[in-house]
2 protein chains.
Amino acid sequence: MNDYEQDNAPPTGDSSRDALPPVTQHARQYETVRNAHETELIEDYVELIGDLIRHRGEARATDLASRMGVRQATVSKMVRRLNELGLVKSQPYRSLFLTEAGQSMAENSRARHDIVLQFLRALGVRDSTARIDAEGMEHHVSDETLAIMQRFIEENAK
Amino acid sequence: MNDYEQDNAPPTGDSSRDALPPVTQHARQYETVRNAHETELIEDYVELIGDLIRHRGEARATDLASRMGVRQATVSKMVRRLNELGLVKSQPYRSLFLTEAGQSMAENSRARHDIVLQFLRALGVRDSTARIDAEGMEHHVSDETLAIMQRFIEENAK
DNA sequence: TATAAAATATAGCAAAAGCTAACTAATTAC
DNA sequence: GTAATTAGTTAGCTTTTGCTATATTTTATA
Ligand SMILES: [Mn+2]
Ligand SMILES: [Mn+2]
Ligand SMILES: [Mn+2]
Ligand SMILES: [Mn+2]
């Protein structure tokens, strides 16, 4: 199958309604999703640590575990990674702190998360559903789309 | 930190604007995302196989690899898994076919994908951006939100 | 203050999803 | 019809993200 055939007419009649994208562009779609999946859990952890500090005064591993819905061992391992990445500063058996880089990531993630959540609410999605959808969608929304969502919120809010 | 304290007043003044959700609900958010991530790659493969069959007449592993942006070995491994899951029927060195279950999953995924894509376009997102965002978002949109997106499309299309 | 409980850490296991390298089968070109 | 090219498979490696079980440390209680 050569490059010419690759992006050309389908063999059957009805099926050409929405053609396949060019191979390179198509691959880029999936690559973008894979890249998002590499960073999204880290962002969620950092964002949650920031939220816990803001709302509760401190971020403890056990609260991360219960809110994430995973075991403490899983959190422990992730915290080590966040340390290695320079996002979190922590001492053994003590609660967690964000580095400068961590705080900056937390703020970015929270801002993005809030926009997506408010957008869904403005669309008319029920709050509990909007929260669930936003938790996943936030990592797959481009800056372009985010800006449009923000405008939509402003136009449909009061 | 007990259950009472868990969902109560923050220690600092300004920070209570948007409170943390109850622990159980918060955990459910992340669990839903983790569940979506377990099935999303499978859905993307099945959907792509269906699209290739519809548009090109057959689905070959090499085309899956180039469109997914991964190596053939990766596709080979995934195809074995799709076989085990009863979604794909294939013989060594021959092109791929969907089972009944596979076709049904492909149709569902495509319908959902289309709605998300059209919704983004209706919002005003550029086509190439909309395609990228839709590829990731589609797996994190609830039925409730999807219905609202569909309504939005109908109201804003002609 | 000694002990019980809770929190944290570490070791080892598993599945998923990618990779490269080496091999085999099928198709195409000559 | 053979040789070269293309396509597909398999084995073995790596990283990520979960888990359980066990040890250690900190905190709370009697
Ligand atoms: Mn998230
Ligand atoms: Mn995702
Ligand atoms: Mn899709
Ligand atoms: Mn997708």
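Each chain gets a letter, A, B and so on, in the order the sequences are listed, and its residues count up from 1. If you're wondering where the values come from, they're calculated on a predicted model, not measured in any experiment.
In terms of position along DNA chain D, the nucleotide closest to B/Q91 lies nearer the 5' end than the nucleotide closest to the other residue of the pair B/Q91 and A/Y45. Heavy-atom distances to DNA chain C give each of B/Y93 and A/P92 a nearest nucleotide, and the one nearer the 5′ end belongs to A/P92. If you find the closest nucleotide of DNA chain D to A/E38 and to B/A59, the one lying nearer the 5' end belongs to B/A59.
Distances shorter than 4.0 Å separate some side-chain N or O of A/R94 from OP1 or OP2 on D/dT27. B/R60 has a side-chain polar atom (N or O) that falls below the 4.0 Å cut-off from OP1 or OP2 of D/dG8.
Among residues two or more places apart in sequence or in another chain, the side-chain hydrogen bond (donor to acceptor under 3.5 Å, both in side chains) test is passed with B/R28 by none. For B/N35, there are no side-chain contact (heavy atoms from CB on, under 4.5 Å) partners at least two apart in sequence or on another chain. Contacts of A/R126 classified as salt bridge (Lys or Arg N to Asp or Glu O under 4.0 Å), with partners at least two apart in sequence or in another chain: B/E144. Scored by the side-chain contact (heavy atoms from CB on, under 4.5 Å) test, B/R94 finds B/Q91 as partners (sequence neighbours excluded).
The distance between the ring centers of B/H139 and B/H113 does not fall below 6.0 angstrom.
A/R34 places its CZ atom 15 Å from the C1' atom of D/dT15, with the value rounded to the nearest Å. For the pair A/D63 CG and C/dA7 P, the computed distance is 8 Å after rounding to whole Å.
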Please report, to 0.1 Å, the donor-acceptor pairs under 3.5 Å made by any side chain of residues 73-89 of chain A, with sequence neighbours excluded.
| unit_1 | atom_1 | unit_2 | atom_2 | d |
| --- | --- | --- | --- | --- |
| A/N83 | ND2 | A/V79 | O | 3.4 |
| A/N83 | ND2 | A/S90 | OG | 2.8 |

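The side chain of B/L41 sits closest to C/dG18 out of D/dT26, C/dG18, D/dA7.
A heavy-atom distance below 4.0 Å to DNA chain D is reached by these residues of residues 69-78 of chain B, ordered by number: B/Q72, B/A73, B/S76, B/K77.
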